[in-house]
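I have placed the structure first, in the form of structure tokens, so that the comments after it can refer back to it.
So you know, we letter chains A, B, ... as the sequences are listed, proteins then strands, and number each from 1.
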2 protein chains.
Amino acid sequence: MTETQWHEELRAKGYRVTPQRQLVLEAVKDLEHATPEEICVKVRETARGVNISTVYRTLELLEELGMVTHTHLGHGAPTYHLAAEADHVHLVCRGCGEVSEVRPEMAEGLVNGLDAEMGFAADVHHLTVFGRCRNCR
Amino acid sequence: MTETQWHEELRAKGYRVTPQRQLVLEAVKDLEHATPEEICVKVRETARGVNISTVYRTLELLEELGMVTHTHLGHGAPTYHLAAEADHVHLVCRGCGEVSEVRPEMAEGLVNGLDAEMGFAADVHHLTVFGRCRNCR
DNA sequence: GTCTGTGCAAAATCTTTGCATTCGA
DNA sequence: TCGAATGCAAAGATTTTGCACAGAC
């Protein structure tokens, strides 16, 4: 999606294009797997005074528009990333805490099985697998 | 694990057997997928005055001992269940919010693939798949 | 000019912590 | 008795909300 496209999509739905919204989207794009707090810090590098509640409200909006998604990578705050770049499954190591990504095809069997057996449409982009990595097992 | 066994395990590690600990474990067993808050309410049905912080501390202890595990079934509080009965994968529907369970073998391909490809030992008991159920897709 | 979006502060949730007291072993 | 466990209250962390003002269109 180009910048112009989503500006138009915002306006078409009665939303406004604001610097804050552009900066938050930019930060999500740049940071990858960032928490609302981290996004807020990043945004403030460019525009001072942007409030954390604006970040939360913007992320909610962007998620509703399908532009970003979030995942729970642990106990604390969720992490956000571009929906367009979310084509992967998250792996979180309980030993070292490292987060890695693998091709979504790894989960193909699971996704197909759930669909066939119970008509459940799994969202593989939101999938996080906990476990232990090679070094920590 | 019998009641006597885990009493001994607690003592062996220098922990004490208290009514609160027994009640919390009992509540986790009975409720299935309960939040700390729900567990606290349940425990208070039997013993009045049990504090929420005791519930948190006890859940932490029981998890450390490997008796219970927790899963994030949504944005809010995590849910706890007996480790011995955790032999399933969680499915959460984004439409109706319903939580269901499926056999862990559904994820066998994913688990084997992650192991073979990158030596990652996936903890299938902690796996939660988000998506849409038959009625909501 | 209109009405949405923002900043700010306060509240709401969820969880942890310090400390005096209680109670298991 | 001795020290771990608890209750209580306060603090932390994260997220949401109400409201007046600023700013997009």
Side-chain angles (χ1 to χ4, degrees), chain A residues 3-4 6-28 33-44 46-65 67-68 70-80, chain B residues 3-4 6-28 33-44 46-65 67-68 70-80:
Chain A
E3 192 155 311
T4 316
W6 85 273
H7 286 188
E8 279 164 12
E9 189 179 332
L10 278 179
R11 293 204 190 91
K13 298 195 176 180
Y15 298 116
R16 291 177 182 174
V17 177
T18 67
Q20 288 90 336
R21 286 178 177 167
Q22 299 181 66
L23 287 167
V24 167
L25 181 59
E26 203 61 34
V28 171
H33 303 143
T35 62
E37 189 61 41
E38 289 164 347
I39 291 166
C40 193
V41 169
K42 175 78 175 175
V43 166
R44 282 175 174 164
T46 305
R48 13 148 232 78
V50 176
N51 199 273
I52 183 73
S53 62
T54 299
V55 174
Y56 276 101
R57 287 187 280 228
T58 302
L59 287 172
E60 189 183 0
L61 173 65
L62 293 176
E63 191 151 30
E64 185 190 316
L65 293 175
M67 307 205 49
V68 309
H70 76 269
T71 315
H72 294 273
L73 257 31
H75 271 196
T79 58
Y80 287 80
Chain B
E3 192 154 312
T4 315
W6 85 271
H7 285 189
E8 277 165 13
E9 189 180 332
L10 277 180
R11 292 203 192 93
K13 298 194 175 180
Y15 298 117
R16 292 175 181 177
V17 178
T18 66
Q20 289 90 336
R21 285 179 177 167
Q22 298 181 67
L23 287 168
V24 168
L25 181 60
E26 202 62 34
V28 171
H33 302 146
T35 62
E37 189 62 41
E38 289 164 346
I39 291 166
C40 193
V41 169
K42 174 78 175 176
V43 166
R44 281 175 175 164
T46 305
R48 17 152 223 74
V50 176
N51 198 274
I52 183 73
S53 63
T54 299
V55 173
Y56 275 101
R57 285 188 280 227
T58 302
L59 287 172
E60 189 183 0
L61 174 66
L62 294 176
E63 191 150 30
E64 186 190 317
L65 294 175
M67 307 204 51
V68 308
H70 76 270
T71 315
H72 295 273
L73 258 30
H75 272 194
T79 58
Y80 287 78

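An end-to-end axis angle of 30° holds for the helix from dG1(C)-dC25(D) to dA25(C)-dT1(D), taken from five base pairs per end and rounded to 10°.
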Inset, instruction - Check the pair K13(A), L65(A) against side chain to side chain contact (heavy atoms under 4.5 Å, CB included), reporting the backbone distance first and the verdict last. - result: CA-CA 10 Å; K13(A) 298 195 176 180; L65(A) 293 175; 3.8 Å; yes
Legend entry - Base-contact (B) and sugar-phosphate-only (S) positions in nucleotides 13-25 of chain D, heavy-atom cut-off under 4.0 Å, - elsewhere: -SSBBB----BBS
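Shown here for C40(B) and N51(B), the closest heavy-atom pair between the two residues is SG-C, 4.3 Å. In this structure, E63(A) and H70(A) approach most closely via the heavy-atom pair OE2-ND1, 2.7 Å.
At most 12 non-hydrogen atoms from other residues, nucleotides or ligands lie less than 6.0 angstrom from CD of E60(B).
Rounded to whole Å, atom P of dA4(D) lies 14 Å from atom CD of E64(B).
Take T46(B) and apply the side chain to side chain contact (heavy atoms under 4.5 Å, CB included) test, not counting sequence neighbours, and it matches L23(B). For Q20(B), the side chain to side chain contact (heavy atoms under 4.5 Å, CB included) partners two or more places apart in sequence, or in a different chain, are T18(B), V50(B), T54(B). Here E26(B) pairs with nothing under the side-chain hydrogen bond (donor to acceptor under 3.5 Å, both in side chains) rule; sequence neighbours left out.
The footprint of chain B on DNA chain C, defined by a heavy-atom cutoff below 4.0 Å, extends from dC14(C) to dA25(C).
Ring-plane geometry between H72(B) and H72(A) is classed as parallel, the angle between the planes falling under 30 degrees on a 0 to 90 degree scale with a further cut at 60.
Contact annotation: the side chain of Q22(A) approaches that of H7(A) to within less than 4.5 Å [non-hydrogen atoms, C-beta and beyond]. Residues L25(B) and W6(B) form a side-chain contact, since some pair of their non-hydrogen atoms from C-beta on lies under 4.5 Å apart.
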